[in-house]
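Remarks on the structure that follows.
Residue numbers start from 1 in every chain, and the chains themselves are labelled A, B, ... in the order their sequence lines are given, proteins ahead of strands. Just so you know, these numbers come straight off a predicted model, no measurement behind them.
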Number of protein chains: 2
Amino acid sequence: MSKLCPTPALADVAKLAGVSTATVSRYLNDPNRVVEATRQRELKAVDRLGYTPNFAARVMAVKRSWTIGAIIPTMENAIFARGLQAFQEELHQHGYTVLVSSSAYDPELEAEKIRTLVAHDADGVLPIGHDRDPKIYKDLARRDIPVMNAWSFMAYTQIASVGFDNRAAMAELANRAIRLGHQRIGVISDITTGNERARLRIEGIRDAARQNGLSLSNLTILDPPYQIENGAEAFSKLMSQGIRPKVILCGNDVLAVGALHRARDMGLKVPKDVSVTGFDDIELARVAAPALTTVHVPHREMGRRAAAALVDMLENRTPGASTRLATHIVERQSLGPPAST
Amino acid sequence: MSKLCPTPALADVAKLAGVSTATVSRYLNDPNRVVEATRQRELKAVDRLGYTPNFAARVMAVKRSWTIGAIIPTMENAIFARGLQAFQEELHQHGYTVLVSSSAYDPELEAEKIRTLVAHDADGVLPIGHDRDPKIYKDLARRDIPVMNAWSFMAYTQIASVGFDNRAAMAELANRAIRLGHQRIGVISDITTGNERARLRIEGIRDAARQNGLSLSNLTILDPPYQIENGAEAFSKLMSQGIRPKVILCGNDVLAVGALHRARDMGLKVPKDVSVTGFDDIELARVAAPALTTVHVPHREMGRRAAAALVDMLENRTPGASTRLATHIVERQSLGPPAST
DNA sequence: ACCCAAAATGCAAGAGCTTACATTTCCACT
DNA sequence: AGTGGAAATGTAAGCTCTTGCATTTTGGGT
């Protein structure tokens with residue numbers, strides 16, 4: 001008997017239940033559209049066969065996948081994890097599934113992943129940051145696929161975004177360092193290509209320097225790939241300069257932890273001998289030794305809002321509004337005044 | 001003109017190029033099956049229209065999605081990241097895309113995610129560990145979807161796996177601790193429900209205790225959810241016992257780092273006052289202070305092998321072989337002999 | 001009993017691609 | 001120039017679902 005059918009289709013259920021496929025389809029999508037007796041029969045048929053609707057077929061028929069795709073630069077760190085989690089939770093509430101892809105900070109790869117997501121009929125897309133080939137946006141727009149950029153708030157742009165002001169946030173932190181008396185500043189940035197977040201953070205540091213009448217020649221900027229190890233390496237490089245900077249501003253907590261670690265290896269006390277700051281305020285920052293002074297980013301809030309906005313765009317065909325979230329400095333133990341030499 | 005068509009289909013390309021859809025399809029799947037002149041025309045038509053093949057339709061037609069799904073317990077930590085990365089890389093080589101879902105260590109959710117993946121026509125599935133409702137396996141088997149379990153090697157089972165012997169690995173580490181003179185042992189395990197990896201690791205500790213003639217009453221076992229914070233909390237709990245354990249074996253590095261952190265807060269020196277060990281050997285372990293003595297797991301190798309095996313099952317319809325990978329202890333600074341009290 | 005609107009169900013046409021099979025085109029040889 | 005077989009292309013069915021429209025059933029009201 002039909003029990004053996006490896007992947008039962010709607011038609012099999014229909015036959016077994018003695019109704020038409022239309023009825024089964026209706027039953028599946030809204031049991032109330034079917035009379036009690038039929039409902040029973042279908043129910044029985046469905047689980048007798050172990051039927052599961054075929055996603056691809058449904059997508060084709062309704063032109064709607066209830067899937068939204070997120071493309072993040074990396075999964076190897078916890079940076080995007082919390083936000084993404086919140087994003088998923090919120091979307092789940094609304095019945096959407098999210099597909100996650102990572103681009104390894106590579107614009108080419110990112111473009112490809114976005115295409116893949118689109119080919120998979122994603123109803124909406126969430127890339128991180130803004131910087132990318134305009135063709136991508138154009139293509140998405142033509143296909144009428146809502147896009148929400150996250151992790152970076154940009155006021156003057158066609159694409160909606162939910163994020164924060166990377167530049168101002170970093171400027172605030174740099175300001176604080178400078179006011180503490182720091183002059184020479186080392187910067188370990190995120191990768192900057194195709195990543196305006198990193199560039200804006202650097203800009204923020206420059207802003208702060210300028211505001212305080214510091215020559216930009218006091219800044220030494222490195223941008224190694226995003227990994228703990230690289231933070232350590234960059235720290236070494238910075239420390240081998242003629243005049244050692246007394247404060248190292250890092251583009252994110254992961255890099256900062258690497259720096260911290262290397263400082264310890266070099267026998268440097270933080271923050272007595274050198275200060276180190278992070279960005280993001282992930283769990284790691286709290287646990288590091290010494291605990292990292294960093295910029296707190298409202299990860300979950302960002303994820304939630306991004307999801308909500310996307311749903312709004314999807315359900316109401318609205319253009320999508322941008323939201324700017326606040327960040328704040330979390331003062332812990334890794335930033336202090338420079339020791340008087 | 002047809003430029004306006006929001007989502008061009010194969011037929012549009014065909015019309016514009018003046019050929020049949022079959023030809024376009026062939027061109028798309030293997031340009032060489034089409035004569036030069038046609039190729040040019042199609043090429044032009046495709047990018048004039050900005051055509052992208054519709055995935056759902058293709059899947060329906062060929063019954064093959066070139067997609068494989070991975071379900072991991074969590075993305076919030078780096079634990080699975082490296083392995084997953086390798087898994088993706090290897091699969092990418094073979095033309096597969098991987099879809100990642102996380103289950104938040106919740107069996108219900110995991111089952112749902114697996115169903116979703118199947119509905120999305122995943123050609124194969126990679127869940128972490130073995131423990132799960134047999135119905136899931138049965139369903140997958142019926143649909144003839146290859147499954148590969150990772151992170152846990154199990155010899156006697158229907159399902160292929162690539163992983164390591166969690167029990168033996170942990171036993172080895174526990175043995176080392178005991179030989180150093182430790183008697184009272186605190187254990188901060190991973191969550192154990194639906195997670196035989198965690199349970200096996202605990203079993204390993206018990207094995208070691210028994211082997212060394214230690215009463216099991218010397219063990220105190222906690223299994224908080226998997227987060228740095230919880231590791232810290234658990235550590236406090238362990239330390240508030242009548243007789244404080246002098247060594248804390250943790251189910252993974254993340255928990256261990258939490259413990260380490262709390263130890264420092266409590267003014268306890270590691271390993272002088274208390275030893276702490278991890279499991280997994282993620283980057284964090286190297287960077288922690290003191291650096292964590294832990295069990296090295298061949299993450300990338302595991303991911304790569306899992307991918308290769310899955311591809312083999314897929315392409316050659318083979319039953320799928322299990323692979324057992326070796327682990328080893330990485331001795332760093334967090335494990336030492338108990339201080340003589 | 002009978003009528004009729006409302007409710008339930010059925011029919012069949014898509015949705016966009018692949019592919020077996022049929023047809024046409026091409027070219028090397030005689 | 002004529003022929004045969006390979007190469008290129010076309011035709012149309014099929015994959016699994018949804019849904020507009022047509023048809024049948026139901027049940028309350030007279």
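Regarding A:Asp30, its CG atom lies at a distance of 11 Å from the P atom of C:dA8, rounded to whole Å. The CG atom of A:Asp121 sits 12 Å away from the C1' atom of C:dC17 (whole-angstrom rounding). The CG atom of A:Leu49 sits 11 Å away from the P atom of D:dC17 (whole-angstrom rounding). The CH2-C1' distance, from B:Trp66 to C:dT18, rounds to 14 Å in whole Å. Atoms CD (A:Glu36) and C1' (C:dA7) sit 15 Å apart, rounded to a whole Å. Rounded to whole angstrom, the span from the CZ atom of A:Arg41 across to the C1' atom of C:dT9 amounts to 11 Å. B:Asn32 places its CG atom 20 Å from the P atom of D:dA6, with the value rounded to the nearest Å. Between the OH atom of A:Tyr27 and the P atom of D:dT18 there is a distance of 13 Å, rounded to whole Å.
Within 4.0 Å of A:Val34, counting heavy atoms only, lie sugar-phosphate atoms of the nucleic acid but no base atom. Within 4.0 Å of A:Thr23, counting heavy atoms only, lie sugar-phosphate atoms of the nucleic acid but no base atom. Residue-level contact check: B:Val19 touches the backbone only, with heavy atoms under 4.0 Å from sugar-phosphate atoms and none from bases. B:Tyr51 comes within 4.0 angstrom of the backbone, heavy atoms only, and of no base.
Comparing atom distances between the B:Val62 side chain and each of C:dT19, C:dG14, D:dT16 picks out C:dT19 as nearest. Taking every side-chain heavy atom of B:Ser20 into account, D:dT11 is the closest of D:dT11, C:dG16, D:dT16. Nearest to the side-chain atoms of B:Ala22 among the listed nucleotides C:dC17, D:dG10, C:dA12 stands D:dG10.
For B:Arg26 and B:Thr52, each mapped to the nucleotide of DNA chain C holding its nearest heavy atom, the one lying further toward the 5' end belongs to B:Thr52. In terms of position on DNA chain D, the residue among B:Gly18 and B:Met60 whose nearest nucleotide sits closer to the 5' end is B:Gly18. Nucleotides of DNA chain D nearest to B:Lys63 and B:Val35 differ in position, and the one nearer the 5' end is that of B:Val35.
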Worked check of salt bridge (charged side-chain N to carboxylate O under 4.0 Å, His left out) between B:Glu315 and B:Arg64:
CA-CA 11 Å; B:Glu315 322 261 89; B:Arg64 186 85 182 275; 3.3 Å; yes
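Ion pair B:Asp139/B:Arg143 flagged as a salt bridge, since at least one NZ, NE, NH1 or NH2 atom sits closer than 4.0 Å to an Asp/Glu carboxylate oxygen. The pair A:Glu36-A:Arg39 meets the salt-bridge criterion, since a charged nitrogen lies less than 4.0 angstrom from a carboxylate oxygen.
Shown here is B:Gln158, whose CD atom has no more than 12 heavy atoms of other residues, nucleotides or ligands within 6.0 Å.
Between the side chain of A:Ser322 and the backbone N or O of A:Ser161 there is at least one donor-acceptor pair closer than 3.5 Å.
Listed pair A:Thr21 / D:dC17 fails the phosphate criterion, with no side-chain N or O lying under 4.0 Å from OP1 or OP2. The phosphate of D:dT18 has OP1 or OP2 within less than 4.0 Å of a side-chain N or O from A:Asn29.
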